[in-house]
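Report on the structure given below.
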Amino acid sequence: MTETDKIPPPNFIRNIIREDLKQNKNNGSVHTRFPPEPNGYLHVGHAKSICLNFGIAAENKGGLCNLRFDDTNPEKEDVEYTKAIMADVRWLGFDWEDRLYYASDYFEQLYDYAVQLIKDGKAYIDSLSAEQMREYRGTLTKPGRESPDRNRSVEENLDLFRRMRAGEFDEGEYLVRAKIDMTSPNINMRDPAIYRIKKANHHRTGDRWCIYPMYDYTHCISDALEGITHSICTLEFEDHRPLYDWCLDQLPVPCHPQQIEFARLNLNYTVMSKRKLNELVNEGYVTGWDDPRMPTIVGMRRRGYTPAAIRDFCERIGVTKNDTVIDMSVLENSVREDLDETARRVMAVLRPLRVVITNYPENSTEELDAPYHPNKPEMGSRRVPFSRVIYIEQDDFMENPPKKFFRLSPGAEVRLRYAYFIKCEEVIKDKQTGAVIELRCSYDPQTKGGNAPDGRKVKGTLHWVSADHAFKSEVRLFDRLFTVPVPDGEGDWKSVINPGSVEVLKDACLEPGLAGAKPEERFQFERLGYFCADHKDSTQGKPVFNRTVTLRDSWAKVDKQVK
RNA sequence: UGGGGUGUAGCCAAGCGGUAAGGCACGGGACUUUGACUCCCGCAUUCCCAGGUUCGAAUCCUGGCACCCCAGCCA
């Protein structure tokens, strides 16, 4: 994302558009839209669609992308979601300018068009019950039968439709159907419903309507009314395209957009359906839609993912019609790549082990200079306090180290980053448990800053925090939400939820400057990973941190091989 | 044994009749005051399978096979 002039990789949709432009189709314009239903929060799958639609608009001269809420089902939708969706799209870095639309804005026009269809004998009012509808529809292999109401007169249809709108009937009593073909091999064309009665309050139109248009009928017309040129949607709508085209062919709409379908995103070790995400929230498996383990935009944001990283990820995975599952490592790679460039390095000890530097003067403190980024001096530096008692990571000490372990062990010498070389002289253990509770080390005053004048080298460099100056706070570590790569493939997907997907460390010791971290501020805790100050649980002067992603860890591999 | 789609490496993905890009992952090495970053090197004689057309096929033709989607008054 640093190169603004980077040419996006080709994909079949961009190829179609390039070809259309060459033919001067749509007078050379490109107009897309992102059409979420406001019935839940957005997830990375939506991010793929957002990046595609807004991206295509942005990379073509004069290209535009609308934000349109597909709000035709009042029972499931809510303003809470529209607000959250707008915030997410904006946070991802996209702008619909003044083109915010709602399908509900078109209800009157949609009604008029339906009247038109009825007058033209292309739609009728049906009184079949839902169960009867199902029977008449036939099956995948057997054609359907025509409803007895199919040849109701235009006058009667018109009257009934008017009375439906007027609220004279109960839900389910009547329904408007397109008159297409009950024997079509495509079930979507067997006289699909286009209007149903719902005596529900709509989040925008209130109680003005008691009949609501169906998706297939609404979506294509909304696209046409907005002058959309390319209506990009996911694969499951491929079968609906003939219906999309049919509706537009019957009506005097301003234009006829081209529907193009692509495969939705699947990520391993997580689930992506709104229904399942909803269950995770409602049944308490996670703390909310914005739980840092969730693949939602708000969840990833809270975890510390950046908009640039998510955009980069969406670019890398490509756009095709293949049914695929993307490896989580691709996402993590995008995040690390962005954060490596932008995050300041600081020190934090997650699981503290007390170290007393026996030959360092008591009650003495010095400040050591530590740059914020090893490769970017322009990011500046800060002073970190050093004193006689410090904490190091428990993992950085082993009493009986395996080969190639170049951290601290009895008699070994290591560097404390930006400070001194220390040597482990004595190991103090708990008399009861035998656990190592303290290390006694000596330091070499000659090695201040981290280099020895005599040229001797150490293999390991450890991060540390001065005990008296440590800012103690909470740090949360996250792991994958599921224990198997494709939970959807499991009979009971909830049986493979990872019980250890979150670990809360209450006693982490952070360098003092971190007490001033702002909500959503991101850092690299050296040698541990990238962390983000939680915007929800942090309080003034007491930020708590979420681990976004670990650093790549080649020691973990060596360690595994040794064992 | 209805219709619509899709099959290129462990995971993604370019390719569109001229002799298999790239990314992730993985393996090896260099550098290193983060076992990070960075940098080198390696990683499909073969494109779901079988035939055919062609001087030449992942690309064209024929026939199989596998997987995904569709029977809401959801989107």
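Order of the sequence lines fixes the chain letters, A, B, ..., with proteins taken first and strands second; residue numbering starts at 1 for each chain.
Here the options are A:Y174, A:Y195, A:F169, the test is ring-ring contact (aromatic ring centres under 6.0 Å, His included), and the partner is A:F161; only A:Y195 passes. With A:F545 as the fixed residue, the ring-ring contact (aromatic ring centres under 6.0 Å, His included) test singles out one of A:F525, A:F531, A:Y530: A:F525.
Using the six-membered ring where Trp is involved, A:Y244 and A:H219 have ring planes that are tilted, between 30° and 60° apart.
Spacing of P atoms, B:U46 relative to B:G10, comes out at 13 Å, to the nearest Å. For the C1' atoms, the distance linking B:C37 with B:A44 amounts to 30 Å, nearest Å. Across the C1' atoms, B:G64 and B:G22 are found 33 Å apart, a figure rounded to whole Å. Rounded to whole Å, the separation between the P atoms of B:A50 and B:G18 comes to 23 Å. The C1' atoms of B:C40 and B:G51 are separated by 45 Å, rounded to the nearest whole Å. B:C24 and B:A57 have their P atoms separated by 33 Å, with the value rounded to a whole Å. Comparing the P positions of B:G4 and B:U45 gives a spacing of 35 Å, expressed to the nearest Å. Spacing of C1' atoms, B:C48 relative to B:U8, comes out at 10 Å, to the nearest Å.
Looking at heavy-atom distances under 4.0 Å, A:I317 makes contact with sugar-phosphate atoms alone, never a base. Residue contacts for A:V458: at a heavy-atom cut-off of 4.0 Å it reaches no nucleic acid atom on any strand shown. The residue A:D553 sits close only to the backbone: its heavy atoms come under 4.0 Å of sugar-phosphate atoms, none of a base. In this structure, A:E526 reaches the bases: a heavy-atom distance under 4.0 Å links it to at least one base atom across the strands shown. When heavy atoms are screened at a 4.0 angstrom cut-off, A:H463 is found touching no nucleic acid atom at all.
The minimum heavy-atom distance between A:F313 and A:I326, with the atom names listed, is CE1-CG2, 3.9 Å.
Under the 4.5 Å side-chain criterion, counting only non-hydrogen atoms from C-beta, A:W289 is in contact with A:L277.
No aromatic stack links A:Y215 and the base of B:A75, using centre distance under 5.5 Å and interplanar angle under 30°.
For A:A193, taking side-chain heavy atoms from C-beta onward, the closest of the listed nucleotides B:G2, B:C16, B:C73 is B:C73. Side-chain proximity of A:N322 to B:G35, B:C12, B:A13: nearest is B:A13. Comparing B:C12, B:G5, B:U34 by their nearest atom to the side chain of A:K321 picks out B:G5. Comparing atom distances between the A:T324 side chain and each of B:G35, B:G5, B:A13 picks out B:A13 as nearest. If you check B:G2, B:U34, B:A75 against the side chain of A:R527, the one that comes closest is B:U34. Checking B:A14, B:A75, B:C73 against the side-chain heavy atoms of A:H240 singles out B:A75 as nearest. In this structure, of B:C12, B:G3, B:A75, it is B:G3 that holds the atom nearest to the side chain of A:P185.
For B:G3, the base has a donor-acceptor partner in the side chain of A:D239 [N/O atoms by modelled type, under 3.5 angstrom].
Side chain to side chain, A:R552 and A:N333 meet the donor-acceptor criterion of an N or O pair below 3.5 Å. If you check the side chains of A:Y215 and A:N73, you find no donor sitting under 3.5 Å from an acceptor.
Listed pair A:K376 / B:C37 fails the phosphate criterion, with no side-chain N or O lying under 4.0 Å from OP1 or OP2. Side-chain nitrogen and oxygen atoms of A:T461 include none within less than 4.0 Å of the OP1 or OP2 phosphate oxygen of B:U34. Close to B:G72, at under 4.0 Å from its OP1 or OP2, lies a side-chain N or O of A:R134. An OP1 or OP2 oxygen of B:A75 is reached within less than 4.0 angstrom by a side-chain nitrogen or oxygen of A:T72. Between A:R196 and B:C74 there is a side-chain N or O to OP1 or OP2 distance below 4.0 Å.
For the pair A:R190 CZ and B:C73 P, the interatomic distance rounds to 13 Å; values are reported in whole Å. We find that NZ of A:K142 is positioned 15 Å from C1' of B:G3, with the value rounded to whole Å. A:Y244 places its OH atom 21 Å from the P atom of B:C70, with the value rounded to the nearest Å. Atom CZ of A:F237 is separated from atom P of B:C69 by 14 Å (rounded to the nearest Å). When the C1' atom of B:G72 is taken as reference, atom CG of A:D191 falls 16 Å away, rounded to whole Å. Between A:L551 atom CG and B:A36 atom C1' the separation is 5 Å, expressed in whole Å. Atom CE in A:M189 sits roughly 16 Å away from atom C1' in B:A71 (whole-Å rounding). Atoms CZ (A:F405) and C1' (B:G35) sit 11 Å apart, rounded to a whole Å.
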Check nucleotides 23-27 of chain B for protein N or O atoms closer than 3.5 Å to its own N or O atoms and list the pairs.
| from | atom 1 | to | atom 2 | distance (Å) |
| --- | --- | --- | --- | --- |
| B:G23 | O2' | A:R316 | NH1 | 3.0 |
| B:C24 | O2' | A:S329 | OG | 2.6 |
| B:A25 | OP1 | A:R552 | NH2 | 3.1 |

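Annotation: of the two residues near RNA chain B, A:T447 and A:D70, the 5′-most nearest-nucleotide partner is A:T447. Heavy-atom distances to RNA chain B give each of A:I326 and A:T139 a nearest nucleotide, and the one nearer the 5′ end belongs to A:I326.
B:G5 has its base anti relative to the sugar, with a glycosidic angle deviating from 0 by more than 90°.
The existence of a salt bridge linking A:R33 and A:D223 is confirmed by a sub-4.0 Å separation between a basic side-chain nitrogen and an acidic carboxylate oxygen.
A search for salt bridge (charged side-chain N to carboxylate O under 4.0 Å, His left out) contacts involving A:K22 returns A:E19, not counting sequence neighbours.
RNA chain B lies under 4.0 Å from no heavy atom of any residue of residues 262-274 of chain A.
At least one test fails for A:R415 against the ring of A:Y420: distance under 6.0 Å to the centre or angle within 45° of the axis.
Side-chain atoms of A:H43 come within 3.5 Å of backbone atoms of A:M272 as a donor-acceptor pair (strictly under, hydrogens ignored).
Base pairing annotation: B:G2 forms a Watson-Crick or G-U wobble pair with B:C70, both donor-acceptor distances under 3.5 Å.
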